[in-house]
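Excluded from the calculations below are hydrogen atoms, water molecules and symmetry mates; all remaining heavy atoms, backbone and side chain alike, are included. Below, read A as the first sequence line, B as the second, and so on, with proteins coming before strands; counting in each chain starts at 1.
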Protein chains: 2
Amino acid sequence: MSITNSKGRILEAALALIARRGDARVTMAQIAKAARVSRQAVYLHFADRADLMVALARHVDHKRGLAEEIQRVNSAPTARAALSAMVALQARTNPDIWAVARAVDAVRRTDDAAERSWQDRLQHRLEGCRQLIARLEREGELRKDIDPAAAADLLWTITSLRTWEDLVLQRGWTPEHYQSHITRLLLAALTRDGGL
Amino acid sequence: MSITNSKGRILEAALALIARRGDARVTMAQIAKAARVSRQAVYLHFADRADLMVALARHVDHKRGLAEEIQRVNSAPTARAALSAMVALQARTNPDIWAVARAVDAVRRTDDAAERSWQDRLQHRLEGCRQLIARLEREGELRKDIDPAAAADLLWTITSLRTWEDLVLQRGWTPEHYQSHITRLLLAALTRDGGL
DNA sequence: CCACAGCTTGACATTGTGTCAATAACAAAT
DNA sequence: ATTTGTTATTGACACAATGTCAAGCTGTGG
């Protein structure tokens, strides 16, 4: 799939640079050069650096077909299977999102648009967690001594990018380890029988 | 306790500014001004910004008497009580450390000293988690279907500053909620009977 | 009185961000 | 075929922040 407009070229170039570096300490000039475009052209398409990073996050989501992936989680046969699928989804997609997410996180304190975008994604994922907890409850699998709202928050933070970063990038867990251990932990903490 | 040397004054000033702002986007000039010292004087005491942030982290630790607090965790009567104490320690100290930790995290990718300092703290906390898991195992409380090394990593990430930030700062949990829910989750995930 | 440590002043180089104005290339519309 | 509008380029500029340098001030102890 070739890129037609230079806006797309800029995004792709930024993504490639960030991926290569492993973090988002990339200057606008470098991005422009990589996209074979003048530095000013970048500012024709994006208001500023923060705007570009936010667009980048959306772009990655879209490219991955994130919406469909989430559908797949919800269409799992049981709540417990859905939980497992959710962890698998994170294990699969986090590597690509990570650096960009860090970049947005870094600028969100100064930039309103970035902050809104961040809260948006946060809210979205949180909603997914709430639904999964609601389903667990409906299927009678949720621990009775736990508040559903708190359970959703816990599910949300444990399946977050940050936990993934800690375990996979810092501690060197394999994706398989991450998936199996986190799934087991969640079942133990949130379901009635403590996960088998 | 009054501050005698200006090195201390600079650290205190930086700390106050960061605390007031809630994050570490503070310039060297602002810090110097707050410490009523010339901007260049700051560079007489600290090689650069990263160096200052690292020193700040140490300073906060020292001020809190962190070493003794950790002793107290280890001197709990049982492993389960120690785990609870560890979570309580996080709940109590994280608010003060948070902004500084974020600052160090932000510069650690460009600065070697910051990275080393970060890995140091990380390693230190991880060691504490390992010991706690070992004690759980010794007392026959550790789940048998879990690898001790993985259990330590999980304990480490779940009691991390990041998880605390997610739940307390983002989701608005009270310190009490944080403490009780996280303790319960850890007991459920790591101990034999799933925490009562 | 001298030396030295700690600090100040002011100037400077550098890097990165963001803005602006003038201009070029080119496609589509009329 | 000229006009129009979009998109991009070039080069210059202002600004903020970091970090460096040289010269000089001040007080304390030898």
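- Between the CG atom of D51(B) and the P atom of dG19(D) there is a distance of 10 Å, rounded to whole Å.
- The phosphate of dT7(D) has neither OP1 nor OP2 within less than 4.0 Å of any side-chain N or O from H45(A).
- In this structure, R36(A) places its CZ atom 19 Å from C1' of dT10(D), rounding to the nearest Å.
- Note that the CD atom of E165(B) and the OG1 atom of T157(A) stand 9.5 Å from one another [nearest 0.5 Å].
- Atoms CG and CZ, on L56(A) and F46(A) in that order, are 8.0 Å from each other to the nearest 0.5 Å.
- When each of I158(A), I146(A), L132(A), L185(A) is tested with L190(A) by the rule side-chain contact (heavy atoms from CB on, under 4.5 Å), just one qualifies, namely I146(A).
- No hydrogens or angles considered: nothing links the side chains of Q123(B) and E127(B) as a donor-acceptor pair under 3.5 Å.
- With rounding to the nearest 0.5 Å, the separation of CZ in R130(A) from CH2 in W156(A) is 10.0 Å.
- Looking at R80(A) and E141(A), a side-chain N of the basic residue comes within less than 4.0 Å of a carboxylate O on the acidic one, giving a salt bridge.
- A straight line from NZ of K33(B) to P of dA17(D) spans 12 Å, rounded to a whole angstrom.
- Atom CD of Q40(B) and atom C1' of dA22(D) are 12 Å apart (whole Å).
- In the set dA17(D), dA12(D), dT7(D), the nucleotide with an atom closest to the side chain of T27(B) is dA17(D).
- Here the C1' atom of nucleotide dT18(D) and the CD1 atom of I31(B) are 12 Å apart, to the nearest Å.
- Remark: R121(A) engages D61(A) in a salt bridge, criterion side-chain N to carboxylate O under 4.0 Å.
- Salt bridge status for R135(B) with E139(B): present, with a side-chain N to carboxylate O gap under 4.0 Å.
- Regarding Y43(A), its OH atom lies at a distance of 15 Å from the P atom of dT9(D), rounded to whole Å.
- Between D105(B) and R108(B) a salt bridge is recorded (basic side-chain N to carboxylate O distance below 4.0 Å).
- Overall, the helix from dC1(C)-dG30(D) to dT30(C)-dA1(D) carries an axis bend of 10° between its ends, with five pairs at each end and the value rounded to 10°.
- Closest approach to the R39(A) side chain among dA12(D), dT9(D), dT18(D) is made by dA12(D) (side chain taken as heavy atoms from C-beta onward).
- The CG-C1' distance, from L44(A) to dT9(D), rounds to 10 Å in whole Å.
- Bracketed by its first and final contacts, the part of DNA chain C lying under 4.0 Å from non-hydrogen atoms of chain B reaches from dC7(C) to dA11(C) in 5' to 3' order.
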